[in-house]
Amino acid sequence: MKAKILEEKYTAQAADPNQTIMSAYQNRVLRIYLDKQEAVVEPLRMDFAEKYVGSKGLVIRYMYEDMKPGIDPLGPDNNLYFTTGPMSGTPIPCSGKLSVAAKSPATGTMNDCSVGGHCGIRLKFAGYDMAVFHGQMDKPTYVVIEDDEITFHDASHLWGLTSHEAERELIKEYGTEYSCLSIGPAGENLNYISCINCDYYRQAGRGGIGAVMGSKKLKAILIKGTQGVKVPNIKEVTDRIVEITRTVCVCEDTDYVFDEGTYAFLEACNDGGILPAHNFSAATDIKWDTYNGAVMKKYRLGKRGCGSCALGCGNFMQVGDAIVEGPEYETTAASGPQCDIASIEHNVRFNMVVDDMGMDSISTGMTIAWAMEMAEKGIHDFGVHFGNEEEMIQMVKDMAYRRGAGAELADGVKVASEKWGGTDFAMHSKGLEFPQYEPRGSFAMANSYAVSDRGACHMRSYTPNEEVFAASVPPYTYEDKGIVLYNLGESNAIKFSCCLCDLFGTVDYPLMAELLTMITGREWTVEEMAEVGRRVLNIGRAFNQREGFTREHDIVPQRMFKDKLKGGPADGQVLTEEGFQDILDQYYEIMGWDENGCLPQELLDTL
Amino acid sequence: MATKRLKFNKALCIGCQLCAQVCSAYKEGEYIPSKARLAIETYYEDGSLKYKDDFCILCGMCMKACPFDAIDMDKGWIHVDPEKCKGCGLCAKKCPKKVVRIRDKMAYICDTCEGDPNCVKTCPHNALTFE
Amino acid sequence: MKVTVALRGTLKKLFDGPLEKVVEIPEGSTCNDALLAAGIDYKELKNFGFVSVNNLRVMIDSEVKDGDYIKAFSRVMGG
């Protein structure tokens, strides 16, 4: 059924005649009202784009504008945003990521996920900077976006299928020119651990984003785009982009991406003392070379990257009957040493099942590891035990379908530990499970998890870059760590707002400013890159502040303070409350927040 | 001297589609891969990684098919004479690599950027070469 | 005493072929001394990351013992 395009509220001029219309953007936001099955196109808020660039920053600002505080994340007022950046749809390398954002059911904070595949560039080529899904439907539906044709289709034959089964059906019918975003049973069942898959093996993973889509009864979105992206002086610009791709992006420093993908982090993290094991009780795994990159290559069938990617991190693998594009470092650690398992076949099988069920591999692995420790300590036996692979695979499915003990774990460790105990070792911040970097091996990482805008996340301030992977910076100290936290957070914030992939490598502000200037036709300065980064950190915090989050929520579990880490170079390390609070004080001061971690009114007014 | 042709090594292809974006930049004045003169992509189907590699191999079938003599290969690449081409689409039907684009009564066919293909310059892992 | 200096990441090309070298250094030497003996001055290398001894990360000025296996990693930019 074709959407009734109410009216195209679109004009070539923005409301403010002094407002620059930048190139590279489509200057079109698609709003789809699911309950009315209508769609509207409106101009992009160029004033927002000038302050926040695109993707991550832009969408948080839109969410702050569109959504009132206190809404139910699984209710009709939680919008689901798919946002590109100005670089999307240009050959700027590694610019193909798509932001998927909403208020998180798992944490109650804002949530901005980043998904690869080809959906990002296709949404831009369909003619949109952003597509927003409003409201909910009663019946399972899938939506097709093909340039300016938006159609709604009955998905009752797909509801109940796994994500991969649904995608297979849809792509068989529509063809591979469409990118498919789909949820699995976990999203359908509104689990806090649920993701949105793209092109089978890429995810908008965390914070229950799949449940938001499931609450709208939206099974899948198909995107095809045949429009273009315009930039000034396209030949000169493209010449320069190609030069940058061949010299700066694809270079020695990024060789590892095509060679091994994120497997390359295993040895560095292992030796660095931050590869976590046994539900964050230990660090390093002497068996890491039984499931590392060298082993992976024996089973690899092919390589794949996302749209506009120049690196190609995806490893398509088959071990026995387990097939997947993956697993990444996170999935390997979460299903490996964290659960006392050393088997590449298990990592691949876990990844395959988790993707198919439509679940976040990090949160799933960490929740199961917590449940294993609960059994080990005799507090409660959920049916999973350290070292047992089959139980773990079965539990993934039981969580997706909320069956038996799986129903207790489907919403993550915060919910489960509040009911069953074991909160000291329920490894999460604000309800989002820890990624695979041990803070007692990199002290400021604890604060990074605590202050991140969406709960414990490593794609924010990745402090091991300075604390561990550097020859002379001490990891087990608190002095001058606030600035480390800030600088890394700021650079990732601007990087992800351009829509660049993490693996592009060190963010070079002059390079980003040059690229943005070339494609948008507007002069972007190096100083503005830092300003935008800072502003993005602030707008994320402002959203959460409006939801009632303050310093008391910037916490990490007691394990970090009570349990000495076992093994590796950080053996015996433990954090102190004073030290943790000290880094928080340093960071709040740098951000201009008060001692309760809140933005004062003058700062809020600048956003 | 033998004519150079585009060659594709799928083991090195990551499916980024930068080739099509760059082609369309030089040929169409915007990044619009749907109008590029080649279409290379990877996709998953039935549990395997598959490759679609539509690019001009200089077989000359289009030239043989053209009823208006609008196509020549005199310089070692496909050249369409816009005065003679009627956009009838017979070349597109015969092209084994499906790279001919018919639009507004005109055939658009890869001309290897006159012997210096931009897609090859951009391919980040040299999956596309010109030899 | 003898220690092995092994290369990781983008440092792998530094020995023009082999990935590791055994070097002879005096007792009480540090990792830095061992690297210098192998021809690597970490301060000169923009992409130098960190070192580990026997699979445990240490600071560049830590002492090494006879038979130690030192890995030199390039900068890891992760997420």
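Every chain is numbered from 1 and lettered A, B, ... according to where its sequence line falls, protein lines coming before strand lines. All heavy atoms count here, side chains included; hydrogens, waters and symmetry mates do not.
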If I compare all heavy atoms of [X] with all of [Y], which pair ends up nearest, and what's the gap?
X        : Y        : value
A:Gly228 : A:Phe125 : CA-CD2, 4.3 Å
A:Leu516 : A:Cys498 : CD1-SG, 4.0 Å
A:Leu500 : A:Pro93  : CD2-O, 3.6 Å
A:Cys309 : B:Leu18  : O-CD1, 3.9 Å
A:Val115 : A:Cys198 : CG2-CB, 3.7 Å
A:Ala204 : A:Cys195 : O-CB, 3.3 Å

- In sequence, state the C-alpha distance, the side-chain angles, and the governing distance for A:Cys249 and A:Cys94, and then conclude on side chain to side chain contact (heavy atoms under 4.5 Å, CB included). CA-CA 9 Å; A:Cys249 178; A:Cys94 310; 3.9 Å; yes

When you scan chain B against chain A, which donor-acceptor pairs turn up at less than 3.5 Å?
{"residue": "B:Ile14", "atom": "O", "partner": "A:Gly305", "partner atom": "N", "Å": "2.8"}
{"residue": "B:Gly15", "atom": "O", "partner": "A:His118", "partner atom": "NE2", "Å": "2.8"}
{"residue": "B:Cys16", "atom": "O", "partner": "A:Ser308", "partner atom": "N", "Å": "2.9"}
{"residue": "B:Gln21", "atom": "OE1", "partner": "A:Ser308", "partner atom": "OG", "Å": "3.4"}
{"residue": "B:Gln21", "atom": "NE2", "partner": "A:Ser308", "partner atom": "OG", "Å": "2.8"}
{"residue": "B:Tyr26", "atom": "OH", "partner": "A:Asp239", "partner atom": "N", "Å": "3.4"}
{"residue": "B:Tyr26", "atom": "OH", "partner": "A:Asp239", "partner atom": "OD1", "Å": "2.3"}
{"residue": "B:Tyr31", "atom": "N", "partner": "A:Val229", "partner atom": "O", "Å": "2.9"}
{"residue": "B:Tyr31", "atom": "O", "partner": "A:Val229", "partner atom": "N", "Å": "2.9"}
{"residue": "B:Tyr31", "atom": "OH", "partner": "A:Thr238", "partner atom": "OG1", "Å": "2.8"}
{"residue": "B:Ser34", "atom": "OG", "partner": "A:Thr226", "partner atom": "O", "Å": "2.8"}
{"residue": "B:Thr42", "atom": "O", "partner": "A:Arg304", "partner atom": "NH2", "Å": "2.7"}
{"residue": "B:Thr42", "atom": "OG1", "partner": "A:Arg304", "partner atom": "NE", "Å": "2.6"}
{"residue": "B:Tyr44", "atom": "OH", "partner": "A:Glu325", "partner atom": "OE1", "Å": "2.5"}
{"residue": "B:Lys121", "atom": "O", "partner": "A:Arg246", "partner atom": "NH1", "Å": "2.6"}
{"residue": "B:Cys123", "atom": "O", "partner": "A:Arg246", "partner atom": "NH1", "Å": "3.3"}
{"residue": "B:His125", "atom": "NE2", "partner": "A:Ala310", "partner atom": "O", "Å": "2.9"}
{"residue": "B:His125", "atom": "NE2", "partner": "A:Leu311", "partner atom": "O", "Å": "3.0"}
{"residue": "B:Asn126", "atom": "OD1", "partner": "A:Arg246", "partner atom": "NH2", "Å": "2.6"}

Counting only heavy atoms closer than 4.5 Å, note whether [X] contacts chain B via side chain, backbone, both or neither.
X        : answer
A:Leu311 : backbone
A:Val229 : both
A:Ile234 : both

- Item | Nearest-0.5 Å distance, CG of residue B:Leu49 to CG of residue A:Leu301 | 8.0 Å

- Query: Roughly how far, to the nearest 0.5 Å, is CG of B:Leu128 from CZ of B:Phe55?
  - Reply: 6.5 Å

- Task: Taking heavy atoms only and a threshold strictly under 4.5 Å, list by residue number the residues of residues 69-90 of chain B that touch chain A; give 'none' if the list is empty.
- Result: none

- Query: Tell me, side chain or backbone of B:Ala25 under 4.5 Å from chain A's heavy atoms, or both, or neither?
  - Reply: both

- Message: Let's go through A:Ile519 and A:Met87 carefully: what are the C-alpha distance in whole Å and the side-chain angles of both, what is the deciding distance for side chain to side chain contact (heavy atoms under 4.5 Å, CB included) to 0.1 Å, and is it a yes or a no?
- Response: CA-CA 8 Å; A:Ile519 61 171; A:Met87 296 185 183; 3.8 Å; yes

- Verdict with supporting geometry, A:Ile244 and A:Leu515, side chain to side chain contact (heavy atoms under 4.5 Å, CB included): CA-CA 10 Å; A:Ile244 289 169; A:Leu515 288 169; 3.7 Å; yes

- Could you have a look at A:Gly96, A:Cys306, A:Gly302, A:Gly307 and say which one has the most heavy-atom pairs with chain B under 4.5 angstrom? A:Cys306

- Of the listed residues (A:Gly225, A:Gly305, A:Gly314, A:Cys313), which shares the most heavy-atom pairs with chain B below a 4.5 Å separation? A:Gly305

- Task: Tell me, with the steps shown, if A:Leu222 and A:Ile171 meet side chain to side chain contact (heavy atoms under 4.5 Å, CB included).
- Result: CA-CA 9 Å; A:Leu222 291 172; A:Ile171 298 300; 4.2 Å; yes

